[in-house]
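Encoded as structure tokens, the structure appears first; notes follow it.
This one's a predicted model, so the numbers in the text were calculated from it and none came from an experiment. All residue numbers in this chain count up from 1 along the given sequence.
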Amino acid sequence: MNVLVTGADGFVGSHLVKVMLAAGWGVTGTRLEPRTRSPLLTEGEYDAIRWVKLDLMRSESVKEATTGDYEAVVHLAAVSGSNDAGGDAGYAWAVNAGGTARLLDAIARRNSEALVLVVSSSVVYGEGAGRPHQESDLPRPLSAYAATKLGTEICAEQFARQFGLKLMVARPWPHTGPFQQRDRLMTDWLARLRHGEHAINFGDPDAVRDYLDVRDVASAYMALLTAGRPGETYNVATGRGYTFRQLFALLAEAAGVAGELVSSPQRRRGWDEQHSVGDPAKIKDETGWSPHYPLSQTLRDMVHAQTH
């Protein structure tokens with residue numbers, strides 16, 4: 001299969017294209033600016049990818065990036081994370097929702113038979129009800145980022161109806177693993193622990209999250225491309241929740257250092273859900289996918305990757 005992957009040089013993108021290459025797929029990867037090669041990819045893997053520039057804010061750039069021979073598209077490129085999106089909500093809307101519209105419009109005009117996987121986020125659900133979210137739950141976004149990701153889903157639905165595009169939506173829960181950016185939650189905690197901070201303030205250590213290994217997320221996207229049904233939305237989750245206190249303890253153990261997460265109510269943010277866990281039954285039943293990596297191994301591998 002020949003696949004176009006937007007944001008292929010990012011954290012998830014790098015893991016995904018590595019799996020695609022191992023499966024013998026042809027990969028065209030987009031990036032906004034030239035970057036150094038991800039340490040995850042060998043020189044041979046990096047050179048095997050056809051790299052093209054993509055600026056989702058520019059229609060001409062989108063048109064140029066979507067030329068070529070591909071049977072499927074995975075749309076990962078976005079302003080990611082509530083902090084990043086909240087810093088300039090207008091820009092986040094322009095990139096995430098507007099950029100998705102530009103991309104889908106170009107695909108509809110150039111390669112309308114392509115299978116398209118639009119990657120959204122679990123944050124579109126908003127606050128949980130003490131049970132795992134199902135795809136039929138009504139989205140109630142709490143942040144600018146969550147709203148922009150719901151905007152991408154609405155855009156996908158419109159293009160599917162108007163142009164008959166074969167579109168699927170993935171809603172992944174938070175994920176971490178080897179070679180994650182250093183400004184994300186787990187990598188930030190790890191850096192602070194290694195710098196001798198043994199007591200780290202956090203808004204609500206008892207809030208609950210479903211957390212995945214990035215390699216399981218990549219395998220979920222592969223499963224959807226091969227066995228998912230166009231027109232459907234799929235949770236990518238484990239179905240198990242951890243408190244942030246438990247997550248921190250697992251990370252400290254993996255790093256071999258002592259530490260404590262301290263409740264700091266003044267750091268709580270209005271868009272932080274108290275309970276967010278996903279029900280993965282649909283993707284499991286329809287594609288056979290299931291998470292492989294226990295979280296303890298994920299964190300050990302992340303620590304090892306940053307040490308070596």
Side-chain angles (χ1 to χ4, degrees), residues 4-17 29-36 38 51-66 73-107 116-126 139-159 167 169-177 179-188 209 212 214 217-218 221 233 236 269-273 276:
L4 172 67
V5 181
T6 74
D9 60 339
F11 174 51
V12 179
S14 296
H15 282 272
L16 179 58
V17 297
T30 81
R31 54 192 177 190
L32 180 58
E33 299 291 347
R35 296 186 186 179
T36 57
S38 166
W51 291 102
V52 297
K53 180 175 180 177
L54 172 62
D55 182 349
L56 288 169
M57 296 286 283
R58 294 180 57 248
S59 295
E60 285 304 315
S61 175
V62 175
K63 291 175 183 177
E64 291 172 6
T66 52
V73 180
V74 181
H75 182 34
L76 290 167
V79 175
S80 61
S82 294
N83 284 337
D84 294 341
D88 190 339
Y91 178 72
W93 270 102
V95 172
N96 292 358
T100 298
R102 293 184 191 93
L103 179 74
L104 296 182
D105 183 64
I107 293 169
V116 183
L117 176 61
V118 173
V119 177
S120 180
S121 170
S122 65
V123 296
V124 300
Y125 287 114
R140 298 180 183 274
L142 296 176
S143 67
Y145 173 64
T148 68
K149 297 306 280 186
L150 183 57
T152 69
E153 295 189 19
I154 295 171
C155 181
E157 183 177 358
Q158 176 245 313
F159 273 86
L167 286 156
V169 171
R171 291 174 176 166
W173 260 256
H175 34 280
T176 190
F179 306 109
Q180 188 170 29
Q181 302 95 315
R182 302 219 172 222
D183 61 347
R184 299 307 176 187
L185 181 63
M186 293 296 174
T187 53
D188 176 65
R209 290 292 180 277
L212 296 106
V214 64
V217 173
Y221 297 163
T233 296
V236 180
R269 306 174 302 184
W271 61 78
D272 286 333
E273 304 97 333
S276 182

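- When each of Thr148, Asp88, Val79 is paired with Trp93, the side-chain contact (heavy atoms from CB on, under 4.5 Å) condition holds for Thr148 and for no other.
- In this structure, Leu167 and Glu157 have side chains that are not in contact, with every pair of non-hydrogen atoms separated by 4.5 Å or more.
- Annotation: Phe179, atom CZ; neighbour count of heavy atoms from other residues, nucleotides and ligands within 6.0 Å is above 12.
- Residues Ala8 and Val17 come closest through the heavy atom pair CB-CG1, 3.9 Å.
- One distance of note links OG1 of Thr152 with CG of Leu103; it measures 11.0 Å at 0.5 Å rounding.
- Of all heavy-atom pairs spanning Leu16 and Ala218, the tightest one is CD1-O, 3.6 Å.
- The two residues Ala146 and Pro141 make their nearest non-hydrogen contact at CB-CB, 3.5 Å.
- Note that OH of Tyr221 is 6.0 Å distant from CG of Leu76, once rounded to the nearest 0.5 Å.
- Here the CG atom belonging to Asp272 is positioned 6.0 Å from the CZ atom belonging to Arg209, to the nearest 0.5 angstrom.
- Rounded to the nearest 0.5 Å, atoms NZ (Lys53) and CZ (Arg58) are 6.5 Å apart.
- For the pair Met57 and Val95, the minimum side-chain heavy-atom distance is below 4.5 Å.
- Considering Arg171, Glu153, Lys149 in turn, Glu153 is the only one that fulfils the side-chain hydrogen bond (donor to acceptor under 3.5 Å, both in side chains) rule with Ser120.
- Here the closest non-hydrogen pair linking Leu212 and Val236 is CD1-O, 3.4 Å.
- Atom OG1 of Thr176 and atom CZ of Arg184 lie 10.5 Å apart (nearest 0.5 Å).
- Residues Asp55 and Ser61 bring no donor and acceptor atom of their side chains to less than 3.5 Å of each other.
- Looking at Glu64 and Val52, their side chains never come closer than 4.5 Å, going by heavy atoms from C-beta outward.
- Tested against Val116, the residues Leu104, Val74, Val169 include a single side-chain contact (heavy atoms from CB on, under 4.5 Å) partner, Leu104.
- Going from atom CG of Asp188 over to atom CZ of Arg182 covers 11.5 Å, rounded to the nearest 0.5 Å.
- The shortest non-hydrogen separation linking Phe159 to Ala101 is CZ-O, 3.6 Å.
- With hydrogens and angles left out, the side-chain atoms of Thr66 and Arg102 include no donor and acceptor closer than 3.5 Å.
- Looking at heavy atoms from C-beta onward, Val5 lies out of side-chain contact with Thr30 at the 4.5 angstrom threshold.
- Summarising the geometry of Glu273 relative to Ser276, their closest heavy-atom pair is CB-CB, 4.4 Å, with the distance given to 0.1 Å.
- In terms of modelled atom types and a separation under 3.5 Å, the side chain of Thr187 and the main chain of Gln180 share no donor-acceptor contact.
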